[in-house]
Amino acid sequence: MDNGTFLRIAGLSAGYGATRVLERLDLDIRKGEFVALLGSSGCGKTTLLRAVAGFAKPSAGSIIVAGRDVTRLPPDRRGMAMVFQSYALWSHMTVGQNIGYGLKLKGLPRTEIAQRVGELEEMLGLTGLGSRKPAALSGGQRQRVALGRALAINPQILLLDEPLSNLDARIRLKVRHDISALQKRLGITAVHVTHDREEAMVMADRIVIMDAGRIAQQGTPEEVYNRPASPFVAAFMGAENVLELSGNVDASAVAIKAGANNHRCLLPLGGRTLESGMFEARFRAEAAELMTGDAPAGAPGQALELSGRVEAASYPGGIWRHSIRIGEAQILVDAPRPFEHGSAVRIRIPAEKLFLFNTRSAHERPHAHSLHDGRKGRVLEASET
Ligand SMILES: Nc1ncnc2c1ncn2[C@@H]1O[C@H](COP(=O)(O)OP(=O)(O)OP(=O)(O)O)[C@@H](O)[C@H]1O
């Protein structure tokens, strides 16, 4: 075991009856680390969290905390506390009683419980609300009570199951910040399930992206955002524009061939592992630059240049978002000013903002729009060089 590992999930498989959800999943988490489990609905995030907490029984594998195998221990003997999306507060109990519940179960003296509850209420901004019932609290306050109840027992590991998804957008930003600050201050190891990319980015030290019960990629927010390892991760991290290109790779660059709607260009490999052939190219709406006029002639540029036509423009705030038709493909591109509906435009995507992945078969690129001429699978290449 790596010296820094505090929570080790090893070869974990879990499911429900015949439904297999997690398949031999391995994940090591350091002490004090904040890990976000990010993935689309149904990928197994909650199942993983519940298995770690002891609420779901794994069919194989183990859960080790500080070198101790806790796989067969009940939830209350694992040194963990879980905060649920639904808060799961006891409606007949006051705020103070909810927060102190775990301590009461442990048989602590009343005075000690009162003192600890008071400290937590203060820490969580709930002072003065101790005798209210949950029904008389706002969503954000309820979630803070749930957090207080989890923290009261001094857990070594805090498990958060989409704790912010029931809060409105503005409160969510505040509680997001509160949880992060508290977790860092207390030095608790935290595992946070979310399907909100931005939430994972701003809260976590490390993001674990899950796909169908497996880990698709893990890394710092900056790593998974800027260096997605697969089309799935790229799409999940917001690079939803997708095109199909072809080109040749040498030791230092990939030469993208010209097509019906793209110019020839030479992109530095920059650490990418690619083979000559077909590529799925992905990029974010904000990664592209929108321009009018003709492309400069001459040597191939170090950016992908596309030509298209504006089909729609909207103003979501701050920037203008354009829907652009490029052959059979449709992409979204942001710009600081609106471009007229129907106008011919150029789109420039710098090499470092273009994610390229080899595609090997038609089955592996169900979402890619090729820049082709409508004939089956034929990519239009003005120059075959
Ligand atoms: N109690 C259950 N019985 C049977 N199948 C279940 C049960 N709970 C979850 N599943 C199935 O297991 C799979 C994983 O569910 P899980 O709740 O872990 O996903 P998730 O990634 O947390 O999704 P979400 O973001 O929607 O909460 C899903 O296909 C789900 O339908």
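Residues: numbered from 1 along the sequence shown. Atoms within a ligand are numbered from 1 in the order they appear, just like the ligands themselves. For the numbers below, each heavy atom of this structure counts, side chains included, while hydrogens, waters and symmetry mates do not.
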Please test R176 against E198 for salt bridge (charged side-chain N to carboxylate O under 4.0 Å, His left out), starting from the C-alpha separation and ending with a verdict.
-> CA-CA 11 Å; R176 193 191 268 182; E198 192 189 300; 3.1 Å; yes
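Not one N or O of T19 is nearer than 3.5 Å to an N or O of ligand 1, by distance alone. Checked against a 3.5 angstrom limit, the closest N/O atoms of V21 and ligand 1 fall outside it.
For atom 18 (O) of ligand 1, a protein non-hydrogen atom is found at a distance below 4.0 Å. Within 4.0 Å of atom 28 (C) of ligand 1, at least one protein heavy atom is present.
Here the side chain of N241 pairs no donor or acceptor atom with the backbone of R282 at under 3.5 angstrom. In this structure a side-chain-to-backbone donor-acceptor pair under 3.5 Å is present from Q183 to I188. Here the side chain of R68 pairs no donor or acceptor atom with the backbone of V65 at under 3.5 angstrom.
Considering only non-hydrogen atoms, atom 20 (P) of ligand 1 lies nearest to G42 out of G42, A56, G39. When the heavy-atom distances from atom 15 (O) of ligand 1 to T46, T47, L38 are ranked, the shortest goes to T47.
A cation-pi arrangement is absent between R197 and Y225, since the terminal nitrogen or guanidinium carbon is not both under 6.0 Å from the aromatic centre and inside a 45° cone about the axis.
Of the protein's heavy atoms, S41 OG, 2.5 Å lies nearest to atom 26 (O) of ligand 1. Closest to atom 6 (C) of ligand 1, if we only count protein heavy atoms, is Y16 CD1, 3.2 Å.
Residue L48 holds its CG atom at 9.0 Å from SG of C43, rounded to the nearest 0.5 Å.
Counting atoms of ligand 1 from 1 in the listed order, those under 4.0 Å from a heavy atom of C43 are 19 (O), 21 (O).
At a heavy-atom cutoff of 4.0 Å, ligand 1 is contacted by the side chain of E162 but not by its backbone.
If you run side chain to side chain contact (heavy atoms under 4.5 Å, CB included) between E244 and each of E328, E280, M278, only M278 comes through.
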